[in-house]
Amino acid sequence: MVVVMHVNDAGESWTWLLFLICLTTTLGSTVPVGYFFGVLNAPAEIIQSWYDEVLANEYDTNSSESQLNLLWTAIVSIYLIGGICGSCFSACCSNKYGRKGTLIISSVILLICGLLFTWCRAARSLEMLLVGRLLGGIASALIFTAQPMYLLELAPSSLSGSVGVFTCIGVTAGILLAQIVSLPQLLGNDDNWPYALSFYALLALLCLLPLMCYPESPRWLYLIKGDVAGSARGLRQLRGNEVNVQLELNELEQTLSRNDKSSTICQVLRDKTLFLPLLLVCALQASQQLSGINAIFFYSLLILTNAGFSSSSATWLNLGIGCFNLFTSLLGPLLLYKFNRRPLLMCSCLICGGSLAGMSFSLYYLLSSEGLALRYVSIAFILTFILGFQLGLGPIAYFIGSELLEDAPRPVAMSLGSLCSWLGNFLIGLCFPLLQTVWSSFAFMPCMCVCIFCLLLVWRYLPETRGREPKDVKPLMSQGLRSKIN
């Protein structure tokens with residue numbers, strides 16, 4: 001990342017303030033989102049034993065194993081339900097309170113969740129655990145909508161890809177942090193599991209104060225609030241170059257003269273010229289989740305034990321896979337700075353689809369022949385899939401909406417994309433165990449089909465956005481499915 005993030009004090013390159021904002025919003029916002037995704041895997045049996053005891057002692061209820069499993073499913077999935085609900089009003093929140101304001105609201109909600117997790121065992125309250133997970137999902141949906149917009153609206157257009165990838169880096173780092181913190185040797189044990197659930201709150205608290213001191217999005221201030229002076233002040237802080245500031249203010253004035261005010265969801269959905277960019281945003285966000293990445297991380301321990309590794313070996317291998325995932329995500333700023341979006345996305349989909357097919361067949365032959373070499377072949381395909389995912393499908397899906405759509409429909413598009421992402425995540429959690437029961441190792445084949453679909457969609461309809469403003473890309477998509485991007 002050092003190669004890309006050459007920091008100076010002026011021009012179209014990185015400034016120290018922009019870098020600090022990217023770092024702070026990643027650590028305080030998107031890392032906790034990834035943490036929520038990964039923290040329940042290791043202490044699952046401990047938490048299940050606790051709520052079984054709570055139900056017996058506090059509610060005088062003796063639950064069957066199937067009822068306990070159903071309750072565990074509710075604890076896991078209520079986070080996704082919160083994400084779906086939060087996506088429905090995240091655009092309104094981003095327009096009303098600003099990008100930074102929405103991130104501050106989400107940080108406060110995350111801190112409340114941390115308190116609920118910390119005290120749920122002492123209070124012997126299963127409800128506190130459920131409410132904490134629900135509120136965490138709502139906060140995460142606000143973050144997924146506001147954080148990419150905030151960073152892309154702060155950065156010059158030449159750095160849009162480099163700042164956009166911080167969302168993916170944060171989620172990846174959060175998953176790895178959760179895997180480490182929830183190890184039995186650390187906090188994932190009988191005595192400390194509530195602190196494992198709430199550990200992320202330290203990051204949210206640490207980053208909240210500097211976040212409150214950073215400038216709000218100049219585009220939001222100028223176009224939505226009409227605060228020209230505040231927008232100019234923020235641009236001077238970010239750019240440090242009066243010439244660039246005046247150029248951007250002139251561009252914002254031209255945008256405002258086109259009556260580019262914020263749009264409601266009904267206005268966006270009725271606009272036929274926005275059909276294709278909305279389709280691309282929603283399809284890419286959903287494909288990101290349905291590509292199989294969450295299935296691999298949700299069920300990686302089971303996949304590794306099915307491949308013949310012991311429980312202890314599978315735990316450490318899973319941690320190693322998480323480290324590899326973070327390492328490859330750090331390549332994102334360099335790749336997106338050097339290469340176009342379309343080839344990265346198409347290569348990503350192709351590698352992911354091929355890796356899923358290879359992993360399915362290697363697991364199939366491993367289960368039938370128990371060959372030792374096939375264990376490592378399966379791991380190699382998992383690592384290849386992760387590498388392919390981080391090339392494009394992982395990072396680009398988070399911010400492509402900000403590059404395809406102008407300021408007015410952008411919050412609605414990002415909100416709808418976030419909604420599709422949460423729905424895809426929920427669908428994977430609901431259907432993948434059933435597919436695994438019926439199809440065994442070939443449960444990943446539907447995910448492979450999603451990767452192929454995404455490849456064809458990108459090849460046919462996604463215009464290149466690197467180095468282009470949304471107003472330049474818009475005419476290429478104005479004819480809907482009849483559009484020609486070249």
Side-chain angles (χ1 to χ4, degrees), residues 22 25-26 29-30 33 82-106 137-155 157 160-161 163-168 170-171 216-220 223-224 255 260-269 271 273-289 341 345 393-425 462 465 469-471 473-474 477:
C22 290
T25 57
T26 299
S29 298
T30 52
V33 174
I84 293 170
C85 295
S87 297
C88 295
F89 58 82
S90 57
C92 177
C93 190
S94 294
N95 279 332
K96 184 173 183 179
Y97 300 109
R99 316 327 187 200
K100 187 186 80 168
T102 302
L103 290 176
I104 291 173
I105 291 171
S106 65
I138 292 173
S140 298
L142 296 178
I143 290 167
F144 273 156
T145 298
Q147 198 250 10
M149 283 196 297
Y150 183 51
L151 296 187
L152 267 75
E153 291 176 4
L154 292 182
S157 58
S160 62
V163 300
V165 78
F166 274 88
T167 306
C168 185
V171 173
E216 179 56 270
S217 163
R219 299 191 72 88
W220 178 79
L223 300 175
I224 307 299
T255 302
D260 205 10
K261 292 285 187 179
S262 59
S263 302
T264 66
I265 187 169
C266 293
Q267 290 172 330
V268 171
L269 292 176
D271 190 340
T273 63
L274 297 177
F275 171 76
L276 183 55
L278 280 178
L279 175 65
L280 288 167
V281 171
C282 293
L284 286 172
Q285 289 261 32
S287 298
Q288 182 196 60
Q289 304 302 320
R341 315 291 190 245
L345 267 172
L393 198 53
I396 294 175
Y398 283 120
F399 67 83
I400 193 66
S402 292
E403 293 191 340
L404 289 175
L405 291 114
E406 296 183 282
D407 297 272
R410 184 180 297 156
V412 172
M414 297 293 286
S415 179
L416 290 174
S418 175
L419 176 62
C420 291
S421 176
W422 287 103
L423 288 172
N425 203 334
L462 181 68
T465 59
E469 293 291 334
K471 67 178 185 294
V473 176
K474 182 179 178 180
M477 302 177 291

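When all heavy atoms of Asn95 and Pro411 are compared, the pair lying nearest together is OD1-CG, 3.3 Å. Of all heavy-atom pairs between Leu154 and Pro218, the closest is CD2-CD, 3.6 Å.
Under the side chain to side chain donor-acceptor pair (under 3.5 Å) criterion, Thr26 pairs with no residue at all, not counting sequence neighbours. For Leu152, the side-chain contact (heavy atoms from CB on, under 4.5 Å) partners at least two apart in sequence or on another chain are Ser160, Val163, Phe399, Ser402, Glu403. Evaluation of the side-chain contact (heavy atoms from CB on, under 4.5 Å) rule for Cys168 yields Thr172, Gln390, Pro395, Tyr398 as partners, not counting sequence neighbours. In this view, Ser29 satisfies the side chain to side chain donor-acceptor pair (under 3.5 Å) rule with no residue, not counting sequence neighbours. Shown here are the ring-ring contact (aromatic ring centres under 6.0 Å, His included) partners of Trp422, two or more places apart in sequence or in another chain: Phe37, Tyr79, Phe144.
Within the structure, ring-ring contact (aromatic ring centres under 6.0 Å, His included) contacts touching residues 82-104 (residues at least two apart or in different chains) do not occur. Residue pairs meeting the salt bridge (Lys or Arg N to Asp or Glu O under 4.0 Å) criterion with at least one partner in residues 97-106, sequence neighbours excluded, are Arg99-Glu153. Annotation: side-chain hydrogen bond (donor to acceptor under 3.5 Å, both in side chains) contacts involving residues 84-93, sequence neighbours excluded, comprise Ser87-Ser418, Ser90-Thr145, Ser90-Ser415.
For the pair Asp271 and Leu278, the minimum side-chain heavy-atom distance is 4.5 Å or more.
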Report task. Evaluate the criterion side chain to side chain contact (heavy atoms under 4.5 Å, CB included) for residue pair Gln288 and Ser421; output intermediate values, then yes/no. Result -> CA-CA 7 Å; Gln288 182 196 60; Ser421 176; 4.2 Å; yes
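A donor-acceptor contact shorter than 3.5 Å links the side chain of Ser106 to the backbone of Leu103.
Between Ile400 atom CD1 and Leu405 atom CG the span is 9.5 Å, to the nearest 0.5 Å.
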